[in-house]
Amino acid sequence: MIDPPSQHMAHLITLTATGFVPFRSTKETDPPSSFSLIAPMLFWGYHPMAAMAVRAFSSPRRRLRSDVFLLMVLFLVSASCSTSEPQGFCAVGYEADCGLSSEKILIKGGTVVNAHRKEVADVYIEDGIVVSVRPNIKVGDHVKIIDATGKYVMPGGIDPHTHLEMEFMGTVTIDDFFTGQAAALAGGTTMHIDFVIPVNGNLTAGLESYMNKAKKAVMDYGFHMAITKWDEGVSKDMELMVNEHGINSFKFFMAYKGSLMISDELLLQGLQKCKSLGAIAMVHAENGDAVAEGQKRMIDLGITGPEGHALSRPPVLEGEATARAIRLANFVNTPLYVVHVMSIDAMEEIAKARKEGQRVIGEPVASGLILDDSWLWHPDYTTAAKYVMSPPIRTSGHDKALRAALSTGVLQLVGTDHCTFNSTQKALGSEDFRKIPNGVNGIEERMHLIWDKMVESGQMTVTDYVRVTSTECAKVFNIYPRKGAILEGSDADIIILNPNASFKIASASHHSRSDTNVYEGTTGKGKVEATISQGRVVYEDGKLKVTPGSGRYIRMPPFGYLFDGMEKADAAYFASLNAPIQRTKSAA
Ligand SMILES: NC(=O)NCCC(=O)O
Ligand SMILES: [Zn+2]
């Protein structure tokens with residue numbers, strides 16, 4: 001658990017976690033700039049003391065007390081370190097080089113896997129880019145050699161669905177762009193796409209706020225944007241987001257009545273706007289009005305615990321909203337992306353639409369593929385509450401059906417919806433399940449869980465694993481083959497996975513700031529042993545080496561492959577109308 005809200009805190013965590021003296025910049029007199037972020041290279045191996053220290057700052061009350069202590073320590077630490085705050089961020093298109101030293105790396109003898117093929121080959125990396133992929137590459141001195149014999153060399157995972165430092169249900173998700181991304185890297189994910197939540201409906205203010213949050217980023221990231229209200233300003237701002245700010249997807253919440261939920265009328269406006277901009281419309285598909293009724297029903301029945309969450313929003317409400325969104329997208333003739341598909345009901349609506357030729361993407365998440373809802377009935381509140389997310393984790397059987405749909409191409413890519421709250425935050429709903437902050441962890445666990453459950457079990461090929469964890473996301477959001485592939489010219493975001501090693505998940509050793517983990521105690525085969533991000537080894541031998549501020553904002557251009565040929569379908573539609581009919585005016 002590490003999350004410095006500032007560079008100063010990063011120094012402190014380095015001290016606490018490893019006992020190292022913080023790296024002291026030789027450029028202390030330089031003016032504040034993003035370069036100052038490069039100084040503290042955080043060597044972050046797991047250490048029980050670090051875990052204790054981090055956990056000690058988890059609960060809001062303890063945090064307040066410890067913040068005073070931290071401020072004192074920070075004052076002392078900052079006296080000997082650069083005091084510069086991060087300025088700006090490494091944005092693709094603005095700065096070619098963020099000033100980080102590049103590494104030359106040769107990964108030797110592994111099985112290199114892309115979504116389209118696997119081959120035994122070497123991979124040579126220079127300046128953050130894959131330079132060559134072929135057998136027997138010879139290199140000179142000063143090249144770091146990594147022996148990957150017997151291991152898989154794959155594109156780093158891309159998580160299409162995260163919520164870092166999100167204000168939600170009266171609190172803020174506990175992982176921010178530092179801890180959340182560090183956790184991601186430790187688990188083999190090298191890029192994620194987070195959701196910008198507008199400020200009072202204002203998109204520009206929302207983006208500014210998230211750009212600030214992301215200043216401490218340690219890996220590449222992109223943004224989707226939520227749409228929570230509709231007027232001329234929002235419509236114009238959507239144009240700005242796409243054409244100026246590199247956002248090519250907008251999310252519409254059909255649930256969370258009274259906060260994020262939008263009406264069908266707004267959804268329709270939004271779908272039309274997305275189509276005109278070449279942006280992907282995404283939906284959280286649950287019938288929010290019916291959920292509110294279901295919640296009232298449970299409370300009237302005296303069901304106030306976490307089980308009430310699942311009982312109040314059954315699969316039929318997810319299926320209904322999914323079907324509605326699909327039909328509206330069909331009416332508009334624009335692609336639709338359904339986030340966190342949690343039930344057979346929703347999955348079957350997607351299957352039906354795809355069979356009929358509609359461009360619908362279905363994203364299951366790790367929790368829905370792996371877990372079942374029996375946890376919500378656990379007698380211990382803290383245990384039960386950590387499984388509360390929306391749509392809910394379903395009864396046993398939905399998970400298996402979703403895995404089958406993923407392996408057969410009915411669903412296309414896997415996210416996490418990493419939206420983590422610690423047990424103190426989850427306790428906000430101890431008297432009323434409606435107040436339990438919705439969300440579970442997953443950003444660190446996804447790559448391991450999907451490997452073990454899908455590949456190790458024999459249900460999915462290794463190439464399909466790469467497709468669902470990385471390549472398809474890069475393609476849908478139009479950043480392939482820069483991301484999602486190990487090809488000459490691709491970004492060197494790479495993992496090395498040992499299929500014979502094992503993993504064990506535990507809150508005591510994970511890198512999230514949370515004190516709980518919904519996969520607590522889970523073991524499996526297939527271990528990410530090294531993560532390379534932007535051409536630098538950031539995770540190796542169980543240790544993280546991350547640099548706050550080194551994460552780059554990845555712009556995602558509009559009109560990705562899902563829009564190819566859409567205009568022909570539009571033309572066919574107009575031709576089919578057989579209208580208007582020329583009528584003569586009747587004499588009467
Ligand atoms: N899924 C969830 O429970 N929390 C995050 C917000 C959302 O994606 O609905
Ligand atoms: Zn959602």
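Residue indices begin at 1 and follow the sequence shown. Numbering of ligands and ligand atoms starts at 1, following listing order.
Nearest protein neighbour of atom 4 (N) of ligand 1, counting heavy atoms only, is N438 O, 3.1 Å. Here the protein heavy atom with the shortest distance to atom 1 (N) of ligand 1 is D417 OD2, 2.5 Å. Counting protein heavy atoms only, atom 3 (O) of ligand 1 is closest to S390 N, 2.8 Å. Atom 9 (O) of ligand 1 has Y256 OH, 2.7 Å as its closest protein atom, hydrogens excluded (heavy atom only).
Contact between K251 and ligand 1 is present, with at least one heavy atom of the residue lying under 4.0 Å from the ligand.
The pair D373-R394 fails the salt-bridge criterion, with no side-chain N (NZ, NE, NH1 or NH2) lying under 4.0 Å from an Asp/Glu carboxylate O. A salt bridge links E320 to R324: at least one charged side-chain nitrogen sits closer than 4.0 Å to a carboxylate oxygen.
Proximity of the aromatic rings of Y256 and F168 is defined here by a centroid distance below 6.0 angstrom, and this criterion is met. A distance of 6.0 Å or more separates the ring centres of Y387 and H309. Aromatic rings of Y553 and F223 (six-membered ring for Trp) have centroids within the 6.0 Å cut-off, being under it.
The aromatic rings of Y210 and F177 lie perpendicular to each other, with more than 60° between the two planes, well past the 30° mark. Using a 30° and 60° split on the angle between ring planes, Y465 and W451 fall in the perpendicular class, above 60°.
Within the 2.8 Å limit, H284 places at least one N, O or S atom next to the Zn ion (ligand 2).
Interface of M389 with ligand 1, defined as ligand atoms under 4.0 Å from a residue heavy atom, comprises 3 (O). Below 4.0 Å from some heavy atom of C419 lie the following atoms of ligand 1, by number and element: 4 (N), 5 (C). Below 4.0 Å from some heavy atom of G439 lie the following atoms of ligand 1, by number and element: 3 (O).
Only the side chain of H284 comes within contact range of ligand 1, with a heavy atom under 4.0 Å; no backbone atom does.
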